[in-house]
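What follows is one structure encoded as structure tokens, with my remarks underneath.
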Protein chains: 2
Amino acid sequence: MNVEEAMNKLKEEGYKHTDKRLDMLQLFSDESRYIAAKDVLESLQDKYKGLSFDTIYRNLSLFSQLGILETTELDGEKKFRFSCSTDHHHHHLICLDCGKTKHIDECPMVTSPISDEGFQVVGHKFEVYGYCEKCGETKRKLNEYEKLS
Amino acid sequence: MNVEEAMNKLKEEGYKHTDKRLDMLQLFSDESRYIAAKDVLESLQDKYKGLSFDTIYRNLSLFSQLGILETTELDGEKKFRFSCSTDHHHHHLICLDCGKTKHIDECPMVTSPISDEGFQVVGHKFEVYGYCEKCGETKRKLNEYEKLS
DNA sequence: AAATAAATCGGAATGATTCTTATGAATGTA
DNA sequence: TACATTCATAAGAATCATTCCGATTTATTT
């Protein structure tokens with residue numbers, strides 16, 4: 001999935017092509033990380049001065065419905081990222097600071113699937129959390145600084 | 001961990017013993033399921049007429065800090081359950097309707113641990129979602145009913 | 001260019017959670 | 001037991017993310 005494919009999908013499904021939608025998709029396509037609604041707004045409100053939260057949320061939710069974006073819930077916020085183009089099922093390692101992700105190819109539900117007669121299984125979530133190199137370094141420096149004062 | 005141990009832990013750490021805390025813990029100990037703050041309030045406000053959300057949230061967060069409760073975020077809400085007494089690391093299968101849980105003994109981070117030089121890993125989440133027997137049955141019946149009308 | 005259906009704005013409404021301030025309750029000590 | 005101290009609580013205000021609504025604007029179709 002890329003921006004062009006996503007825009008085509010929108011048109012196919014009867015949704016309109018707008019500059020805001022294009023820019024939103026471009027934003028996600030540029031970064032392999034989870035982004036919250038407020039960050040999307042922030043990125044675009046220079047270009048679109050009256051940009052409303054409603055527009056952001058409506059489009060994020062539309063994009064998710066259409067499979068253009070993946071979503072997760074973290075730290076009290078819904079976060080979104082461009083759907084990975086790899087065609088195999090996978091999970092992510094996620095930076096708790098900046099949302100940056102890395103693929104995890106193994107899926108526990110594939111390697112040792114959970115099934116239970118008492119439960120009808122409909123989905124699963126496997127996420128590994130940590131700090132990416134950059135954010136880890138920032139934390140280390142801040143920590144050092146704190147110790148000085 | 002049981003209610004008594006939890007109350008002892010509170011005292012050890014300098015927190016006071018109150019009836020509300022006891023009842024909250026009792027509520028969790030009775031049920032092996034994830035419960036949201038509003039449900040805790042609902043369960044206790046017959047007995048404690050002026051019971052405030054603040055009390056619930058403050059205590060839930062205290063219990064979590066002390067390791068008395070486990071927590072997860074689901075459907076836009078923080079949910080809590082009594083810490084499992086088993087001493088080995090494990091995960092849960094969770095009913096999306098009522099929060100009921102079942103243990104999953106296998107952990108993907110143990111069977112095939114994820115590590116990455118670029119990321120400093122600090123945690124992970126593995127949850128399987130579904131519907132328990134009871135809620136699945138309810139859904140089936142509702143569905144049938146919808147078709148009739 | 002006009003018609004129409006969808007998208008957007010702006011702000012109000014909602015729902016979960018946290019904060020604040022004054023009051024009340026539990027514990028330790030005399 | 002009485003008192004002081006410290007923690008816990010109530011009530012409601014404040015905050016934050018998210019959704020909803022009515023009026024207006026824009027993209028597409030004709």
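Because the structure is predicted, anything quoted here is derived from the model rather than measured. Here is how names work: the chains are called A, B, and so on, in the same order as the sequence lines, proteins then strands, and each is numbered from 1. Note: hydrogens, waters and symmetry copies are ignored here, and every other heavy atom, side chains too, is used.
The residue A:R21 sits close only to the backbone: its heavy atoms come under 4.0 Å of sugar-phosphate atoms, none of a base. Residue B:N59 is classed as a sugar-phosphate contact, given heavy-atom separations below 4.0 Å to backbone atoms only. Note on A:T55: only backbone sugar-phosphate atoms sit closer than 4.0 angstrom, heavy atoms only; bases stay farther off.
Checked by atom type, the side-chain pair A:E106/A:T111 shows no donor-acceptor distance below 3.5 Å.
The shortest distance between the side-chain N/O atoms of B:T18 and the OP1/OP2 oxygens of D:dT9 is below 4.0 Å. OP1 or OP2 of C:dG15 has not a single side-chain nitrogen or oxygen of B:K78 nearer than 4.0 Å. Residue A:S52 has no polar side-chain atom (N or O) positioned under 4.0 Å from OP1 or OP2 of C:dG11.
Mapping B:K16 and B:K20 onto DNA chain D via the closest heavy atom, the residue that lands nearer the 5' end is B:K16. Annotation: of the two residues near DNA chain C, B:D19 and B:D54, the 5′-most nearest-nucleotide partner is B:D54.
For the pair B:L22 CG and C:dA25 P, the interatomic distance rounds to 18 Å; values are reported in whole Å. When the P atom of D:dT19 is taken as reference, atom CD of A:Q65 falls 11 Å away, rounded to whole Å. In this structure, CD1 of B:I56 is placed 17 Å from P of D:dG12, rounded to the nearest angstrom. The NZ-P distance, from A:K11 to C:dA6, rounds to 15 Å in whole Å. Between the CD atom of B:E77 and the P atom of D:dA17 there is a distance of 17 Å, given to the nearest Å. Atom CG of B:L51 is separated from atom P of C:dG24 by 17 Å (rounded to the nearest Å). Straight-line distance from the CZ atom of A:R58 to the C1' atom of C:dG10: 13 Å, rounded to whole Å. Taking atom NZ of residue B:K38 and atom P of nucleotide C:dG15, one finds them 10 Å apart after rounding to whole Å.
For the pair A:E5 and A:K9, the salt-bridge criterion is not met [side-chain N within less than 4.0 Å of a carboxylate O].
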- Query: For A:D23 and A:Y48, what are the C-alpha separation, side-chain angles and deciding distance, and is it a side chain to side chain donor-acceptor pair (under 3.5 Å)?
  - Reply: CA-CA 10 Å; A:D23 282 344; A:Y48 304 100; 2.6 Å; yes
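In terms of hydrophobic clustering, with Ile, Leu, Val, Met, Phe, Trp and Tyr side chains grouped at heavy-atom distances under 4.5 Å, B:L51 and B:F63 are assigned to a common cluster.
Distance from the side chain of B:Y57 is smallest for C:dA16 among the nucleotides D:dA17, C:dA16, D:dA11.
Ring orientation note: the planes of B:H90 and B:H88 are tilted relative to one another, at an angle of 30° to 60°.
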